[in-house]
Amino acid sequence: MKNVLVLILAIGFAICAISLKAIAQDIQDWHLRGLPEGVKARIGKGSITGDIALSSDGRNLAVACAIGIWIYDPETDKPFNLLTGHTDKVLSVTFSSDGILLASASHDTTVRVWEGRTGTAQALWTLHGHEQPTTDVAFSPDGSLLASSSEDETIRLWEVKTGAHLRTLEGHIGAVTSVAFSPDGKTLVSGSNDKMLRLWDVQTGKSLRRFIAHRDKVLDVALSPDGKTLASASNDETIRLWVAQTGVSLQTLTTHDNSVVSVVFSPDGKTLASGSWDKTIRLWDVQTGAQLSVLSGHTSGGISVAFSPDGKTLMSGDGDSTVRLWDVETGNELRKMVEHMQRVFSIAFSPDGKTLAGGTWNNTVRLWDPQTSALLRTLKGHTKPVASVAFSPDGQILASGSADNTVGLWDLKTGAALPSLIGHKLLVTTVAFSPDGKTLASGSGNGTIFLWDMQTGKQINMMTDHRSWVNRVVFSPDGSLLASGGRDNTVRTWDVHTGAPVLTFDKHTDFVRGIAFSPDGKTIASGGHDLTVRLWDASSGELLRTLKEHQRELYSVVFSPDGKILASGAGDRTVMLWDVHTGTLLQTLKAHLGSVMRVAISPDGETLASVSDGIVYLSDITVDNVD
């Protein structure tokens, strides 16, 4: 087996220059690489879901994401590979000391070992054994062993050259969150949700020492390059420094004001960097415990940090899906190296199907070409996340509903912002154009629905019968009715001309998140947190059918243009396609790694767009022979 591994690596190195060049040339087509079954393209690199790791030579940066592991060139800021294979978000990545191998831990409970230099996109080993998500991985200094920690309260040691499981270390009574080898490879340190630090004999697997380190969960551990000092980071907002051999406390670092999730020593061991949910990075003098500087710029927490080999630059990656570079001496941000697409809340196809719009967490609306996945334009103007987008019937105007309480309007020929519609007192959760484009409906977090005259920008009617959030509004095909779904568990219809309530559909037993009219206007579909899709007679309010295959809450429903198929997206990570006439489940799409928050079907009925994991998936609709 050892010879096989050596052969694999030798071949990899031999084709290194060729493969990296080829990858660099076609990385622009990353949206076509490593796609899940049934998906033809993706838009977005996936949100950063775990830590970052820099190879020892500083040439490769690994970033743990929802869809895999991105490998970047830190000199050019360009990605040259995407490693896929994990079936859930990646939580931890680490390079071996020589940079030849990369290991990853995932929510899918597996550990994977990859070739770290040539860009080989297929894992060398997939290690099974943990019963719950794996949280961290660490190579021994000589690269012969790999340690993995897990929420199953265990640590496993693996032989790297064969992938064989050597032993399991048990003793923690909470999820094990972090592991680190001593520089001589003889000792392993672990931190856990049980607030404990443990030191283990690597050769025997026996616990050498254990002690309560913090008042709350231990989230990360690190050993200094000389092995003498141990650092631990905690949910109690502190960092503690210890004598590694004895467990004697040296310093408690206390200026963070939220959970500290990451700690790392500089290569010379004199400086410690910490990342926190308070959105800051702090640099500390290891000997004195003095805070040296505060690095601010990230807009979200969960910051992972890594030093460059020379210790002059710090890299950080976090929940705002950016990787930033900092000058350690001055504390200045050098540049934003990586920016992954922010979480997409909503999507909509243009009437001609040539543009896909998405409302994002970072306050923008993005427009893509669904054929090429290319970003066409970014619309900026909102000051808070964009929850909903809708095209006018002629495709000339885009409306966007935002948490800044406004409805944005955009001229799609120029990308210019038009005067916003102002009047809602809370976030605007949903927007929809009438079929003739003369009226816009918007729903809000305080249960109100406004109808706006698109010619004048003035409010026409306000409907207030919902007792909580309005999650979705949609017009009937003839424009006479408006349907809405809300957190009060109801579907309601309204007379568009008068604003008067018409019918209330009250069979759902939890929030209603998705609403859609059939193309002929005779049927309303609704999806709820009660795990059901319900079909209603739009004119009488009669419940026609209840579809119950989803295992989690429903977020979105949409009819195909011919009205024969209904698509539903849910928290069980699936999109289901249903025969509207019979209620038969036709197909289940399982490509997603997170809840499916929104679904849309192209005007030609051939492409399904779905939002999950901070990215947009595009799939062919291949269902045949539907009545």
(request) Name the orientation class of the two ring planes belonging to F345 and W361 (parallel below 30°, tilted from 30 to 60°, perpendicular beyond 60°). (result)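 Rings of F345 and W361: tilted, as their planes differ by 30° to 60°.
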
(message) Would you call the rings of W158 and H130 parallel, tilted or perpendicular, taking 30° and 60° as the class edges?
(response)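 W158 vs H130 ring planes: perpendicular.
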
Distance-minimising heavy-atom pair for [X] and [Y]:
X    : Y    : value
P141 : S97  : O-OG, 2.8 Å
S321 : S47  : OG-CA, 3.4 Å
S612 : L593 : OG-N, 4.2 Å
V111 : V137 : CG1-CG1, 3.8 Å
G311 : P267 : CA-CD, 3.7 Å
K45  : P79  : NZ-CG, 4.1 Å

Backbone N/O of [Y] and side chain of [X]: donor-acceptor pair under 3.5 Å:
X    : Y    : result
T84  : G68  : no
S304 : G317 : no
S388 : G401 : no
S192 : A175 : yes
S96  : F139 : no
S293 : L283 : no
T135 : V176 : yes
R198 : G171 : yes
S316 : V305 : no
T364 : K380 : no

(request) Check the pair R598 / Y555 against side chain to side chain contact (heavy atoms under 4.5 Å, CB included), numbers first and verdict last. (result) CA-CA 6 Å; R598 194 64 62 90; Y555 288 104; over 6 Å; no

Just by distance, no angles: are the side chains of [X] and [Y] close enough, under 3.5 Å, to form a donor-acceptor pair?
X    : Y    : result
W284 : S274 : yes
H382 : S400 : yes
T229 : W242 : no
R240 : T252 : yes
H256 : S259 : no

(request) Quick one: list whatever passes salt bridge (charged side-chain N to carboxylate O under 4.0 Å, His left out) with D268, sequence neighbours left out. (result)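 Result, salt bridge (charged side-chain N to carboxylate O under 4.0 Å, His left out) vs D268: none returned.
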
Once you round to the nearest 0.5 Å, how far does [atom1] of [X] lie from [atom2] of [Y]?
X    : Y    : atom1 : atom2 : value
D404 : T383 : CG    : OG1   : 4.0 Å
T313 : M337 : OG1   : CE    : 11.5 Å
S300 : N362 : OG    : CG    : 12.0 Å
I48  : K89  : CD1   : NZ    : 13.5 Å
S308 : L314 : OG    : CG    : 8.0 Å
R215 : S234 : CZ    : OG    : 7.5 Å

(message) Run T429 and W469 through side chain to side chain donor-acceptor pair (under 3.5 Å) and show every step you take.
(response) CA-CA 8 Å; T429 55; W469 284 43; over 6 Å; no

Are [X] and [Y] packed together at the side-chain level, in the sense that at least one heavy-atom pair is separated by less than 4.5 angstrom?
X    : Y    : answer
I303 : T280 : no
D73  : N60  : no
L379 : R366 : no
H86  : R112 : yes
Y72  : V338 : yes
L157 : L146 : no
T360 : V386 : no
I67  : R42  : yes

(message) When you measure from the centre of the six-membered ring of W200, is the NZ or CZ of K206 closer than 6.0 Å and no more than 45° off the axis?
(response)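 No, cation not above the ring by the 6.0 Å, 45° rule.
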
Would you say [atom1] of [X] has more than 12 non-hydrogen atoms from neighbouring residues, nucleotides or ligands within 6.0 angstrom?
X    : atom1 : value
Q132 : CD    : yes
R167 : CZ    : yes
I173 : CD1   : no
R377 : CZ    : yes

Side chains of residues 216-223: which donor-acceptor partners sit under 3.5 Å, not counting sequence neighbours?
{"residue": "D216", "atom": "OD2", "partner": "N235", "partner atom": "ND2", "Å": "3.0"}
{"residue": "D220", "atom": "OD1", "partner": "S178", "partner atom": "OG", "Å": "2.9"}
{"residue": "D220", "atom": "OD2", "partner": "V263", "partner atom": "N", "Å": "2.9"}

(request) Check the pair Q291, L253 against side chain to side chain contact (heavy atoms under 4.5 Å, CB included), reporting the backbone distance first and the verdict last. (result) CA-CA 8 Å; Q291 180 176 290; L253 314 180; over 6 Å; no

(request) For the pair D278 and R282, find out whether any cationic side-chain nitrogen is under 4.0 Å from an anionic carboxylate oxygen. (result)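 Salt bridge present between D278 and R282.
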
(request) Output, in order, the C-alpha distance, side-chain angles, deciding distance and verdict of side chain to side chain contact (heavy atoms under 4.5 Å, CB included) for L91 and T134. (result) CA-CA 8 Å; L91 301 177; T134 49; 5.9 Å; no

(request) Please assess F181 against L145 for the test side chain to side chain contact (heavy atoms under 4.5 Å, CB included), listing each intermediate value before the final yes or no. (result) CA-CA 10 Å; F181 279 95; L145 300 178; 4.3 Å; yes

(request) For H107, check side chain to side chain donor-acceptor pair (under 3.5 Å) against everything at least two apart and list the hits. (result)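 Counting only residues at least two positions away or on another chain, H107 forms a side chain to side chain donor-acceptor pair (under 3.5 Å) with D88.
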
(request) Take D136 and S149 through the side chain to side chain donor-acceptor pair (under 3.5 Å) test and state the conclusion after the steps. (result) CA-CA 5 Å; D136 197 19; S149 60; 4.9 Å; no

(message) Using the rule given for side chain to side chain donor-acceptor pair (under 3.5 Å), can you reason through S595 versus H592, listing the C-alpha separation, both sets of side-chain angles and the distance that settles it, and then say yes or no?
(response) CA-CA 7 Å; S595 298; H592 308 88; over 6 Å; no

(request) Please report the C-alpha distance between D77 and R335 in whole Å, then the side-chain angles of each, then the deciding distance to 0.1 Å, and finally whether the salt bridge (Lys or Arg N to Asp or Glu O under 4.0 Å) criterion is met. (result) CA-CA 10 Å; D77 297 356; R335 68 183 188 273; 2.8 Å; yes

